Asker: 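Encoded as structure tokens, here's the structure I'll be asking about.
Keep in mind the model is a prediction, meaning the values are calculated, not measured. In each ligand, atom 1 is the first atom listed, and ligand 1 is the first ligand listed.
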Amino acid sequence: MPGKTTKPRITKFTNCRLVRGSSLVDQDLWIDSLTGKILKDQEAFYELHLSPDEIIDLGGRIVAPGMIDVQLNGAHGFDFSVPADTKDEYDEGLRMVNKGLARTGVTSYLPTVVSSTAEVYHKVLPSLAPTAKTHIATDGAESLGAHAEGPFISPGRNGIHKSEVLQSAETFEDLLTVYGVNNLQENPIKMITAAPEVGNMMAHIPELTKRGIIYSIGHSDSTYEQAVAATHQGARMITHLFNAMRPFYHRNPGIFGLLGQSERRRPFYGIIADGIHLHPTSIKIAYNAHPDGCVLVTDAMRLCGLPDGVYDWTNGERIVKSGARLTLEGSDKIAGSSATLIECVNNFRRWSGASTAQAINAVTATPAKLLGLEGVKGSLESGADADLVILGEYEDAFAGSVLTVDQVWKFGVKIHDTEKAVV
Ligand code: ZN
């Protein structure tokens, strides 16, 4: 979808480094705000007779595709899992999140709903459908569809998901009843996290896949054998690898063991690189085992960006926020994260041994591939959506090199610039 037809139409970035595969390449980039797409530079100039309306010298900075977060529960005080009094009020909260998220460099994402009652799914899911058809640049981040995390998960691996709302699906009707018949299509649900060993879920994976929904193994007590069986049924993803699942054991490697499968069978896997959910070495081991499947997620929730304190959570429980650490009151259970995706990229780059471009791929090209959006999102190839982040870099005495989101572009239009007021 095109961005708002504002001047300049054609922008050329020069003196910049583009993310190309696993490298950064010195090359110009042309984008078109009328079509919202990336242009083929030679073609634009010689064949279409287009010349740039604006040439931006980036002083050697990095141009990366806009970041994609496939697991985000909310932000700025708004929680996707909590219906408002009216749909209008909920949609208003969603618009605020979309604008706020875009300023962090996340230009598209899967709004994630934690285990909830059928009533909640029926209320919120229609609002979380992909917005591509109506989305304009200044709307900010764009939903690529909802991620329903639960409620068909293991009661022993529920993390902070409320035990009372967990379900077990025997027939496919059970899924339709919980999520809503009209919601259980690729639109609005794009991804479901469920435990394959709970109830008859294993048997329902092919039907979900047929409907265009990505099945992700998570919050699960699956053995290695059960996890392998789930991939044979069509599972393509692991939700926050290591967290809320049977731990790796040398005689039964559990879900983590899937990373040792053949190339064809290895699923994608989410990693929360916030420095709290996982030890850096666990991240490095997973990445070395299967670099092409690594998808960084924030799993961030609505307290992201709010001050420390005790906050109401769903179902009458409360969460203690202390810095980046969020725990369920009265326990040490981790309650989501408050990290931004670029912070996760910086941590990941430092811990995994990945190059800068490889770390960026884990929030761009790789999630795009998972979502079936190769060449549309997470790409700087011509024809891709011109969702971009301009990344600066500085040296920190402790953390070393740190990437910063300096500018954000959506559909070829600049929507955020840290050096200027928000556009
Ligand atoms: Zn979770």
Side-chain angles (χ1 to χ4, degrees), residues 69-75 79-82 109-117 120-121 124-125 128 145-167 178-179 189-198 201 213-222 227 230 235-247 254-256 258 267-278 282-283 286 294-304 313-315 317 319 321 324-328 331-339 341 344 367 370:
D69 191 350
V70 301
Q71 187 163 8
L72 176 81
N73 304 292
D79 188 330
F80 303 128
S81 307
V82 180
Y109 71 110
L110 299 189
T112 303
V113 180
V114 295
S115 295
S116 303
T117 61
V120 169
Y121 290 117
V124 304
L125 285 174
L128 303 177
H147 176 180
E149 192 193 14
F152 302 98
I153 60 174
S154 167
R157 302 287 178 195
N158 58 325
I160 63 150
H161 291 225
K162 188 80 172 169
S163 301
E164 289 87 295
V165 300
L166 302 189
Q167 301 260 357
V178 168
Y179 294 127
I189 294 186
K190 183 72 185 169
M191 180 149 75
I192 285 179
T193 292
E197 79 283 5
V198 170
M201 183 54 78
I213 295 170
I214 298 160
Y215 179 91
S216 184
I217 306 169
H219 285 273
S220 164
D221 201 38
S222 278
R236 294 185 53 231
M237 171 75 173
I238 304 170
T239 292
H240 46 54
L241 183 68
F242 298 116
N243 295 116
M245 62 185 59
R246 179 187 288 256
I255 296 166
F256 174 75
L258 293 178
F268 294 89
Y269 56 96
I271 286 284
I272 309 172
D274 64 349
I276 293 166
H277 279 77
L278 294 171
S282 304
I283 294 175
C294 183
V295 176
L296 301 182
V297 300
T298 59
D299 201 11
M301 45 89 80
R302 68 165 199 270
L303 302 185
C304 189
W313 179 235
T314 48
N315 306 297
E317 292 184 313
I319 282 177
K321 181 178 188 300
R325 194 175 188 85
L326 303 171
T327 48
L328 205 60
S331 81
D332 57 1
K333 282 189 175 176
I334 302 171
S337 109
S338 63
L341 202 49
C344 293
L370 162 71

Asker: Determine yes or no for a side-chain-to-main-chain donor-acceptor pair under 3.5 angstrom, with S115 supplying the side chain and L166 the backbone.
Answerer: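 It does not hold such a pair.
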Asker: Working note: F80 + V124, criterion side-chain contact (heavy atoms from CB on, under 4.5 Å); need CA distance, chi angles, decisive distance, verdict.
Answerer: CA-CA 7 Å; F80 303 128; V124 304; over 6 Å; no
Asker: Using salt bridge (charged side-chain N to carboxylate O under 4.0 Å, His left out) as the criterion, list what pairs up with R236, not counting sequence neighbours.
Answerer: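 By the salt bridge (charged side-chain N to carboxylate O under 4.0 Å, His left out) rule, R236 matches no residue at all.
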Asker: Looking at every non-hydrogen atom in both residues, tell me the closest pair between Y179 and L125 and how far apart they are.
Answerer: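 Heavy-atom minimum between the residues: O-CD1, 3.7 Å.
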Asker: Output yes when a side-chain donor or acceptor of T112 lies under 3.5 Å from a complementary backbone atom of L72, and no otherwise.
Answerer: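 Yes.
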Asker: Using a cut-off of 2.8 Å, find all protein N, O or S atoms closer to the Zn ion (ligand 1) than that distance.
Answerer: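 You should have found E149 OE2, H219 NE2, H240 NE2.
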Asker: Test T193 against every option in H147, H240, E149, H219 by the side chain to side chain donor-acceptor pair (under 3.5 Å) rule and name the one that passes.
Answerer: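 Checked H147, H240, E149, H219 against T193; only one passes side chain to side chain donor-acceptor pair (under 3.5 Å): H147.
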